[in-house]
Amino acid sequence: MTPAIAGFEYRRVPVADGVSLNVALAGTGSPVVLLHGFPQTHLMWRHVAADLVADHTVICPDLRGYGASDKPAEAGGDTYSKRTMGADIVALARALGHERFALAGHDRGALVAFRAALDHPAAITHLACLDVLPTLDMWEVMHGTTAAVGFHLYLMAQPPGLPERMITACADEFFGHFLDSWTGDPRAIPAGVRAAYLDACRDAVPSIVADYRASAGVDVDHDRTDRDAGERLRMPVTVLQQDWGAALGYDARALWRAWAADLRHVSVTYGHFMAEEAPADIAKALRDLLTR
């Protein structure tokens, strides 16, 4: 039996032609949408969602191409661009009756949230991004041997065919590598949840690769266009991330400050999967954001 967030209702919600998202939702009050990262599903928010639901409407979708959501075949870069995936989330919120909502994302979900907030500033009241840099900045700071930590970014940036075949050949080992090596506290992802993540990824290799391939192409173009035009995030923004800057030679706070005037940037000591490793802290950070 696939794990679920206890007490949450599950629905399939159409968000685009031929694309419906699997969504867990519960609660009442101002809406908060939580977007998962790689290599996970909406389940990564299970603890934080259970906290926030006390006084918020909490909406946890599987992103397009992930989990139990639809996985359209890649038809050019736009199919899995963060612009397209961000539009999915705005359409989801509207389908559930919310024209304005707070948005938090982790990892890939943070990139979707970032793009949604730039493209739909009237819809996003508050933005939280966990353990990520904006796509353009990420590619610009990675260089030399230190870039080896992001080997998967380069692998999945390759044209269709080779990366899909390579990853499919050892899917559990590939995705399991990140679940194991990026976790500060292995107990944070129990065996049943880990198995659910691997099952979901095993069935979604082409769409996951397409998501990453878009981030080496069209997503960079969208970010560069906005940066050149001086576009900035207009809502209060909280960023929580590990401090990789010293090792990779960048100032994460300064990079984020260029995008957001109302920024609270915090370097944390948790592993990458912080919503599972320190859910009380993450829930508090989100609640603090919502008061700004």
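Owing to the predicted nature of the structure, the values given are computational and were not obtained by experimental measurement.
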- Item | Considering all heavy atoms, the nearest Arg232-Ala258 contact | NE-O, 3.2 Å
- With the side chain counted from C-beta on, respond yes when Glu276 and Val193 share a heavy-atom pair under 4.5 Å apart, and no when they do not. yes
- Are the side chains of Leu255 and Pro134 in touch, meaning some heavy atoms are under 4.5 Å apart? no
- Query: Shortest non-hydrogen contact from Ile167 to Phe174?
  - Reply: CG2-CD2, 3.6 Å
- Message: Whether Asp70 and Arg12 form a salt bridge (side-chain N of Lys/Arg under 4.0 Å from carboxylate O of Asp/Glu) is what I want to check.
- Response: yes
- Go through the steps for Met156 and Ser215 under the test side-chain contact (heavy atoms from CB on, under 4.5 Å), then give the verdict. CA-CA 9 Å; Met156 290 190 274; Ser215 285; over 6 Å; no
- Item | Contact check, side chains of Ile59 and Trp45, non-hydrogen atoms, under 4.5 Å | no
- Task: Would you check if Tyr212 and Arg108 make a side-chain contact, meaning some heavy-atom pair closer than 4.5 Å?
- Result: yes
- Within the 6.0 Å centroid threshold, strictly below: Phe151 and Phe178: yes
- Could you tell me whether Asp288 and Lys284 have a side-chain N and a carboxylate O separated by less than 4.0 Å? yes
- Message: For a quick test of reading the model, state the closest non-hydrogen atom pair linking Ser69 to Leu63 and the distance between them.
- Response: CB-O, 3.4 Å
- Check whether any side-chain N or O of Thr84 sits under 3.5 Å from a backbone N or O of Thr79 as a donor-acceptor pair, and report yes or no. no
- Taking the side chain as every heavy atom from C-beta outward, state whether Ile89 and Leu21 have any atom pair closer than 4.5 Å. yes
- Message: Tell me whether Arg64 contacts the main-chain N or O of Ser207 through its side chain, where contact means a donor paired with an acceptor under 3.5 Å.
- Response: no
- Query: Would Val33 end up clustered with Leu289 when hydrophobic side chains under 4.5 Å apart are linked, directly or stepwise?
  - Reply: no
- Looking at Ala275 and Val48, what are the two nearest heavy atoms and their distance? O-CG2, 3.9 Å
- Query: Tyr197 and His36: aromatic ring centres closer than 6.0 Å?
  - Reply: no
- Item | Met166 atom CE, over 12 foreign heavy atoms within 6.0 Å | no
- If we only count heavy atoms from C-beta on, is the Glu74 to Val209 side-chain gap below 4.5 Å? no
- Query: So, do Cys201 and Ile208 sit near enough that their side-chain heavy atoms are less than 4.5 Å apart?
  - Reply: yes
- Could you please spell out the steps behind the side-chain contact (heavy atoms from CB on, under 4.5 Å) verdict for Val266 and Thr238? CA-CA 8 Å; Val266 181; Thr238 288; 5.6 Å; no
- Item | For the student: nearest non-hydrogen atoms of Pro14 and Ser20, plus distance | CA-OG, 3.4 Å
- Item | Criterion side-chain contact (heavy atoms from CB on, under 4.5 Å) on Asp107 and His272, from CA distance to verdict | CA-CA 9 Å; Asp107 189 82; His272 179 64; 3.0 Å; yes
- Query: What distance separates Arg234 CZ from His120 NE2, expressed to the nearest 0.5 Å?
  - Reply: 12.0 Å
- Cation-aromatic face contact Arg94/Phe101, 6.0 Å, 45 degrees: no
- Taking only residues two or more places apart in sequence or in another chain, which ones pass salt bridge (Lys or Arg N to Asp or Glu O under 4.0 Å) with Glu173? none
- Item | Donor + acceptor pair across side chains of Asp137, Tyr250 (<3.5 Å) | no
- Heavy atoms only: give me the nearest Gly184-Glu277 pair and the separation to one decimal. N-OE2, 2.8 Å
- Query: Would you say Asp172 and Arg202 make side-chain contact, with heavy atoms under 4.5 Å?
  - Reply: yes
- Message: By the definition salt bridge (Lys or Arg N to Asp or Glu O under 4.0 Å), identify the one residue from Asp226, Asp219, Asp88 that meets it with Arg115.
- Response: Asp226
- Does any N or O in the side chain of Thr183 come within less than 3.5 Å of the main-chain N or O of Pro186, such that one atom is a donor and the other an acceptor? no
- Would you call the rings of His152 and Phe38 parallel, tilted or perpendicular if under 30° counts as parallel and over 60° as perpendicular? parallel
- Message: Does this structure show an ion pair linking Arg257 with Asp251, if we count only N-O contacts that are shorter than 4.0 Å?
- Response: no
- Only one of Asp221, Asp211, Asp119 passes salt bridge (Lys or Arg N to Asp or Glu O under 4.0 Å) with Lys82, and that residue is Asp211
- Is there a donor-acceptor contact under 3.5 Å from the side chain of His42 to the main chain of Asp62? no
- Query: Given Leu133 and Glu140, is the side-chain contact (heavy atoms from CB on, under 4.5 Å) satisfied, shown in steps?
  - Reply: CA-CA 10 Å; Leu133 290 175; Glu140 289 183 344; over 6 Å; no
- For Gly77, does its backbone N or O pair with a side-chain atom of Arg213 as donor and acceptor, under 3.5 Å? no
- Note on the structure: Only residue of Gln241, His106, Gln242 satisfying side chain to side chain donor-acceptor pair (under 3.5 Å) with Asp131 is Gln242
